[in-house]
Amino acid sequence: RSAMCAADVLISPFPPAQADLWTVGHLSELVKLARSFNPRLIARVLINVAPTNWRVKKADEARELLEQFEQLELVLAPIHRRQVFDDAMCDGRGVVEMDNKKARAELEALARGIYGEQIQSQGHAA
């Protein structure tokens with residue numbers, strides 16, 4: 001709570017699971033309260049560890065729920081549950097150093113969703 005009063009940006013990842021999503025309303029209220037002290041606070045939420053099976057609609061349902069909160073901006077770049085994240089950690093590397101185009105593309109989209117055009121204007125790859 002204290003950090004929200006001093007932060008420029010808050011990024012909160014949410015798995016697309018009902019138990020986790022029940023807390024979004026509370027987070028939204030905390031952000032509203034923090035903005036009374038820090039009106040510039042940008043609060044973003046993202047879907048993390050989304051299922052990769054296209055038949056499982058949990059991420060779509062989570063997106064619909066997260067879009068309903070006025071205090072929170074949804075990063076439209078979900079991160080899916082991929083084995084490469086575990087493999088990278090075990091190898092002591094970042095996911096972008098691994099040979100997985102889907103995971104790399106997701107992280108680059110996430111960086112653009114968080115930082116926007118600042119990434120390209122600074123001349124850095126996401």
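Residues Pro16 and Ala50 approach most closely at CG-CA, 4.0 Å, considering heavy atoms. Looking at every heavy atom in both residues, Met4 comes nearest to Ala34 through CB-CB, 3.6 Å. Residues Pro15 and Asp20 approach most closely at CG-OD2, 3.6 Å, considering heavy atoms. Asn100 and Ala103 make their closest contact through OD1-N, 2.9 Å (heavy atoms, listed as atom of the first residue, atom of the second, distance).
Under 4.0 Å is where a charged nitrogen must lie from a carboxylate oxygen, and between Arg104 and Glu108 no such pair does.
The structure places CG of Leu46 at 8.0 Å from OG of Ser12, a figure rounded to the nearest 0.5 Å. Interatomic distance, Ile47 CD1 to Leu74 CG, rounded to the nearest 0.5 Å: 5.5 Å. Between atom CG of residue Leu10 and atom CG of residue Leu30 there is a gap of 9.5 Å, rounded to the nearest 0.5 Å. Atoms CG and CZ, on Leu66 and Phe14 in that order, are 7.0 Å from each other to the nearest 0.5 Å. Atoms CG and CD, on Leu72 and Glu67 in that order, are 12.0 Å from each other to the nearest 0.5 Å. From Glu64, atom CD reaches atom NZ of Lys57 across 10.5 Å, with rounding to the nearest 0.5 Å.
For Gln83, the CD atom counts as densely surrounded, since its 6.0 Å shell holds more than 12 non-hydrogen atoms of other residues, nucleotides or ligands.
The side-chain heavy atoms of Glu73 and Val45, taken from C-beta on, include no pair separated by under 4.5 Å. Two residues are said to be in side-chain contact when any heavy atoms from C-beta on lie closer than 4.5 Å; Phe85 and Val49 fail this criterion.
For the salt bridge (charged side-chain N to carboxylate O under 4.0 Å, His left out) condition, the pairs that include at least one residue of residues 74-86, sequence neighbours left out, are Arg81-Asp86, Arg82-Glu106. Pairs engaging residues 23-38 under the side chain to side chain donor-acceptor pair (under 3.5 Å) rule: Arg35-Gln71 [sequence neighbours left out].
With hydrophobic clusters built from ILVMFWY side chains whose heavy atoms lie under 4.5 angstrom apart, Ile42 shares a cluster with Ile11.
Side-chain N or O atoms of Asp91 include none that pairs as donor or acceptor with a backbone N or O of Arg93 at under 3.5 Å.
Of the candidates Val9, Asp8, Val31, Leu41 forms a side chain to side chain contact (heavy atoms under 4.5 Å, CB included) with just one, namely Val31.
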